[in-house]
Amino acid sequence: MLEIRDLHASVEGQAILNGVDLSVGPGEVHAVMGPNGSGKSTLSYVLSGREGYAVDRGEVLYDGRDLLELEPEERAAAGLFLAFQYPVEIPGVGTMTFLRTALNALRRGRGEDELDAMQFLRVVRQKARALGIGDDMLKRALNVGFSGGEKKRNEMLQLAILEPRLAILDETDSGLDIDALKVVAEGVNALRSPDRAMLIITHYQRLLDHIVPDRVHVLAKGRILRSGGSELALELEEKGYGEIMGEAA
Amino acid sequence: MSRVAAETVEQVRSLGDRYKYGFVTDIESEQAPKGLNEDIVRFISAIKDEPEWLLEWRLEAFRHWQTMTEPNWAKLGIPMIDYQDAYYYSAPKQKEGPKSLDEVDPELLATYDKLGIPLREQEMLAGVAVDAVFDSVSVATTFKAKLEEHGVIFCPISEAVQNHPELVRKYLGSVVPYTDNFFATLNSAVFTDGSFVFVPKGVRCPMELSTYFRINAANTGQFERTLIIAEDSSYVSYLEGCTAPMRDEHQLHAAVVELVALDDAEIKYSTVQNWYPGDENGVGGIFNFVTKRGACIGARSKISWTQVETGSAITWKYPSCMLHGADSVGEFYSIAITNNYQQADTGTKMVHMGPRSRSRVISKGISAGRASNAYRGLVKMLPGAASARNYTQCDSLLIGSKCGAHTFPYIESQNRSARVEHEATTSKIDDDQLFYCRQRGIGEEEAVALIVNGFCREVLQQLPMEFAVEAQKLVGISLEGSVG
Amino acid sequence: MTPQVALPGVEAYREAFESIRASLPGERGAAFEAFAARGFPTNRVEAWKYTSLRPLARQRFQPAAPDMEAAVPFLGDGPRIVLVNGFLREDLSTVSVERWTGPDGMAEADGEPLVALNAAMAGDGYALTVGEVRDEPIEIVHATVPGPAGPVAQSRNRITVEPGGAAHVIERHVGLGSGAYFVNGVTEIEVRDGGRLRHTKLQDEGADAHHLWFVPARLGRDAVLESTVFTFGARLSRNQIEADIPGEGAELSLRGAYAVSGRQLADHTSRIEHRAPGATSRQVYKGAIGGQARGVFQGHIVVAEGAQKTDGHQLNRALLLSGRAEIDAKPVLEIYADDVQCSHGATAGDIDADALFYLRSRGIPADAARGLLVRAFLSEILEDTPEGALRTAVEERIDGFLEAGA
């Protein structure tokens, strides 16, 4: 489903990714782990098409299409979703208005009818309840005045509503206490399905206790240094990045 | 990026199509000869069968106007206007004023349908009383009978001159004297029609009152004059909408609006101004030079202006409040959007005279393309304004690197117990917000409209429901072609 | 362009100009005509809307005499430059500087009539060049001796900081004795690439003085200019700074504190033109206004097309301490680039009633409490002034203002 080949990327002329290779198949959950500054967030921004991230070499195929050619909204329409590490606040724009605009844009892209206000409300209420999101949060402006945990849950709500085919979760566990982490993990697990892939980007292993990945990759110095099964995450937790990076070097 | 750029070019090219009110109604009209002189002023007065005092007032205004020069202080580049090259009176040919909608020319009703203001439906369903002004004259006022039951007078001002001369004579020019400024003085000399509203003591006007202005004929100026009087403890909400056909020449709109609020009265005045802005190269469009002023004469009176300004090639407009009354309240909520070559210079004056008077100014300016958008405002605390308060917030948003956004506030306080607070910010549309929306699948233009609507929310909320929805759409339409 | 009827004051100045013309270096005729064409601005001129010079135009002044005997007070024993009546006094100075030799500087391009008058009649001034890092502040005293003829002192000065140079310059303006006089001066400031200048002005003119000072400033790449003005004296004063920022990454800070009472008028006018990307400007002006005094603040930020990533903020706050005090403020933003962060804020009003009540409830008498709050209000501008003679001088003037019962 996702094929990253020899991906080199830079920000403001500084090379961050130095040849990433990664392959994710349908239904698979992959974790990308790495120390601070290893290029984890850059990878997620390059995949989602943020401006300012220049691809210097390599390619990314998504269902066989060249992903890098597409505008951010076209990638979203093709089923790619990025759960932001720092969800953006947009004053004055109601959470519901935003969700509905996004969902209808995707539905239009898929040739489906747009949902009317009532149908939409039903969908949102049901999914919000599962994530412990109350109506009061939905009534507020998008992410404005939300706590760190509320913002992350709002990302999960969007994930549930937009039903992407490839979800990239960028440091979704940061800023969450253990209860919130469980709620988020349950939400993610509920969305696991044979035709949906996930890429979980994280610094710590703790999220992977709750969302067990099929594959774990260690990203450091802009390259995948090691790959393995879920046991690799435990090993990392035990030994730390230093040792693994030392081994690989 | 390249694909979007191509789309944008396409959009810019097709911009002409997006002003959906740009059609011309093929209707025979009656016009005064081109040009401006005392005879034209007499002609307008005579055709309306006006009393002598009003003709005299017009002539005094005209003579005064001849001594004045056009202002050039606003931050606008203005092509010279030839005042002799315009028609000052144009009316659709009708035998007499219509008694009901059944007598209105079907062409005209169709025009208003096309504008999204089906007069019949409004009468039947919406419960909004409408006065429709076509070029120089009022063509239909709906809901008159129901309003009369409550003692509310809502009619064309020309009719009020005939039927309620004492009210017109008492209040006309009482807030905006004919000597006020170049365009108000011109209006005083040649105004042709407009709306008149009188809400008697203690009456809460049972429905929203609304006027739609439409400039149709070529080379005409529109000079309407609106006068609203709210007696003690009364309330009225008034809406105003404007459109014009697409023409290559500029057309002049120089209206005057006067509001008078007596003790405990409240007037809410909302405008959605969508005059033809000219094409993407800045050809054509309306010059919108309007004087709007309200006098809070009475204690605890309140005047609230809300405006959404998206149209016109050039807008000069400063809806103001003269806060005479103790504890009186003035409000100004504004959204001004300029795109392509549009220029807007708008703001307000809050002049505090009464003790404990309060005012609030919220202005949102959005500038895109090669447009220029300026806020110009005055907050003045006179010695009598003990414990008066003002809060002003002006925010500007820039879309693209060729446009300009400017803020010119004047703050004058002569009372120590008065408190004035002013804040202004200018920034561009936030890249993070834009990317977040796009990552969720929302296209760039839609994302911009969404974010801008959020930026304007505080003002949009002030509009009556039906208008708010229309205004929200207008925000998106006005910014089409602005990104890429 | 010659006006049909001479503007008020112009003819008297023409006479005075002709009387000294032969003694002035350089050709001055064009500069005088530039002044004569516009005369003294009144409030019909937008830039002078709140500060009319009509009354000043009606007063008669004679060019001030050089070489006056003068006992000039100093802040300390550090390096200093002294000017009396607008003339550089090498006998009283300890820093050797060049003399100004005629109109050729930045101020000439400006359209202000008073700057043109200065260009026509200024007879002297200092030109200080800083090429290295100077640790000790340089004190520059502009002293004027009032006299029966009501002297007008006009000097033209220039501070240049070369790349790698850094200095702190303190300019003090004082009147020696009582009586009317008129000071119309210019200090050009140029901070070249990477240079740093701290410029502090203490305006402490006599009660009957008129003080107009114009500061054109230019900042090169990564240059830093921190300018602070303290205004206490003069019947009417205007400190006008026009900063041009053609240098990328430059940093400009303008701060001002003023305390005026009686019938004083204190005008602080600034215009900052950001012409290069990535520059920063900060402005904070705070004033305490008592009696029938008036404060005027006009702040204008221009961001030219292409000056992306400009960060420009200005704040003006005024305390009105009496029923007849007045503040007029006009903070303008004029922006032609989209990727900018610009803002302004302005407030006007009396001392915060809650704060006053809080202090009084703790047993502090009302007058003392008001004094405390006014000092606290102005102290923000003094923050980065280290303990020492300058700080003490400013604090004493604030105390004097409060004791006089503003």
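A, B, ... follow the sequence lines: proteins, then strands. Residue 1 opens every chain.
Atoms CG and OH, from A:N143 and B:Y436 in turn, are 4.5 Å apart once rounded to the nearest 0.5 Å. In this structure, CZ on A:R108 lies 5.0 Å from CD on B:E446, to the nearest 0.5 angstrom. Put simply, CG on B:D431 and CD on A:E51 are 6.5 Å apart, with the number rounded to the nearest 0.5 Å. In this structure, A:E73 CD and B:E444 CD are separated by 6.5 Å, a value rounded to the nearest 0.5 Å.
More than 12 heavy-atom neighbours from other residues, nucleotides or ligands sit within 6.0 angstrom of CG on A:D116. The number of heavy atoms from other shown groups lying within 6.0 Å of OH (A:Y86) does not exceed 12. Within a 6.0 Å sphere centred on CZ of B:R358, other residues, nucleotides and ligands contribute 12 heavy atoms or fewer.
Of the possible polar contacts, one joining the B:R440 side chain to the A:L82 backbone as a donor-acceptor pair under 3.5 Å is found.
Highest contact tally toward chain A, considering only B:Q439, B:R457, B:Q433, is held by B:Q439 [criterion: heavy-atom pairs under 4.5 Å].
Considering only residues two or more places apart in sequence or on other chains, B:F435 meets the ring-ring contact (aromatic ring centres under 6.0 Å, His included) condition with A:F84.
For residues 87-106 of chain A, a heavy-atom distance under 4.5 Å to chain B picks out A:P87, A:V88, A:E89, A:I90, A:P91, A:G92, A:V93, A:G94, A:T97, A:F98, A:T101, A:A102, A:A105, A:L106, given by residue number.
Both the backbone and the side chain of A:R50 have a heavy atom closer than 4.5 Å to some heavy atom of chain B. Looking at B:C437, the atoms closer than 4.5 Å to chain A (heavy atoms on both sides) sit in the backbone and in the side chain alike.
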Please tabulate, for side-chain N and O atoms in residues 126-134 of chain A, each donor-acceptor pair with protein atoms closer than 3.5 Å (sequence neighbours left out).
residue : atom : partner : partner atom : Å
A:K127  : NZ   : A:A160  : O            : 3.2
A:K127  : NZ   : A:E163  : OE2          : 3.4

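Sorted pairs that involve residues 121-148 of chain A and meet ring-ring contact (aromatic ring centres under 6.0 Å, His included), not counting sequence neighbours, are lacking altogether.
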